[in-house]
Amino acid sequence: MEDLAKQIDGLIDAELEVALKSASAVDRATARQFQSIRRDPTEVTVNFSGGVTQTCWSVSQGDGTYRVIYLPSAGYFSLCVESDFGPLDIGVHGPALGCFGSV
């Protein structure tokens with residue numbers, strides 16, 4: 001599990017490095033905002049449509065509405081909404097900064 005957390009951190013570090021060096025002010029601002037809410041990868045149960053649940057990894061602090069999750073079975077990140085039953089996948093998938101920046 002610790003190895004997977006390190007791999008997830010590596011994926012995020014690589015995205016941040018590119019975004020912080022980007023010519024785009026929006027990319028740089030998104031990266032800085034994500035850095036401010038980033039957390040160590042923590043296991044969490046995520047709810048999917050149809051009543052399916054899966055153990056995933058939370059990589060951002062929730063703001064009460066959204067948080068970014070890593071889906072190990074798919075190999076990408078997801079934007080989830082907070083619910084009474086925990087994070088709920090809403091189908092926004094891809095790189096961590098792309099999911100985060102879509103809100």
Side-chain angles (χ1 to χ4, degrees):
M1 295 295 183
E2 190 175 310
D3 288 342
L4 182 54
K6 287 180 182 179
Q7 289 174 357
I8 296 166
D9 270 337
L11 293 171
I12 295 170
D13 289 342
E15 283 189 51
L16 288 170
E17 183 178 350
V18 169
L20 290 169
K21 292 178 180 177
S22 173
S24 167
V26 172
D27 288 349
R28 293 190 310 272
T30 300
R32 286 191 298 273
Q33 286 180 310
F34 184 81
Q35 284 177 312
S36 73
I37 63 153
R38 184 179 177 179
R39 66 181 296 178
D40 291 336
T42 305
E43 283 186 290
V44 63
T45 300
V46 174
N47 299 287
F48 294 85
S49 61
V52 175
T53 62
Q54 182 180 344
T55 300
C56 299
W57 294 78
S58 178
V59 298
S60 72
Q61 298 170 20
D63 66 359
T65 306
Y66 299 101
R67 77 169 116 158
V68 179
I69 304 287
Y70 181 74
L71 307 175
S73 63
Y76 51 66
F77 294 89
S78 170
L79 183 67
C80 290
V81 295
E82 302 291 348
S83 76
D84 291 340
F85 308 104
L88 173 64
D89 179 87
I90 58 172
V92 177
H93 301 137
L97 294 178
C99 291
F100 175 73
S102 68
V103 192

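Values below: all heavy atoms of this structure, side chains included; hydrogens, waters and symmetry mates excluded.
- At least one donor-acceptor pair under 3.5 Å links the side chain of Ser60 to the backbone N or O of Val68.
- Between Val46 and Thr53, the closest side-chain pair of non-hydrogen atoms is not below 4.5 Å.
- In this structure, Phe48 is not a member of the same hydrophobic cluster as Val92, with clusters built from ILVMFWY side-chain heavy atoms closer than 4.5 Å.
- The distance from the OG atom of Ser102 to the CG atom of Leu97 is 11.0 Å, given to the nearest 0.5 Å.
- Salt-bridge annotation for Arg39 and Asp9: absent, with no side-chain N of the basic residue lying under 4.0 Å from a carboxylate O of the acidic one.
- Atom CG in Leu11 sits 11.0 Å away from atom CG in Leu16 (nearest 0.5 Å).
- A distance-only check finds a donor-acceptor pair linking the side chain of Asn47 to the backbone of Pro87 [under 3.5 Å].
- The minimum heavy-atom distance linking Leu20 with Arg32 is given by the pair CD2-CG, 3.9 Å.
- In this structure, the side chains of Arg38 and Asp13 come closer than 4.5 Å at one or more pairs of heavy atoms.
- Counting only heavy atoms from C-beta outward, the side chains of Phe34 and Val59 approach each other to under 4.5 Å.
- Under the 4.5 Å side-chain contact rule for hydrophobic residues, Ile69 and Phe85 do not share a cluster.
- In plain terms, the two heavy atoms of Glu15 and Pro95 that are nearest each other are OE1-CB, 3.4 Å.
- Put simply, the side chain of Glu82 does not reach to within 4.5 Å of the side chain of Thr65, judged on heavy atoms.
- In terms of heavy atoms, Ala5 sits closest to Trp57 at CB-CZ3, 4.1 Å.
- What you find for Asp89 and Ser78 is that their closest heavy atoms are OD1-OG, 2.5 Å.
- With no hydrogens or angles considered, a side-chain donor-acceptor pair links Ser73 and Gln54 at under 3.5 Å.
- The distance from the CD atom of Gln35 to the CD1 atom of Ile12 is 11.0 Å, given to the nearest 0.5 Å.
- Proximity of a side-chain donor or acceptor of Arg28 to a complementary backbone N or O of Ser22 within less than 3.5 Å is detected.
- In plain terms, the two heavy atoms of Tyr66 and Val81 that are nearest each other are CE2-CG1, 3.5 Å.
- Atom OG1 in Thr30 sits 7.0 Å away from atom CZ in Phe100 (nearest 0.5 Å).
- To the nearest 0.5 Å, atoms OG (Ser83) and CG (Leu88) are separated by 5.5 Å.
- Residues Ser58 and Val44 come closest through the heavy atom pair N-CG1, 3.8 Å.
- Atom CG of Leu4 sits about 4.0 Å away from atom CD1 of Ile8, to the nearest 0.5 Å.
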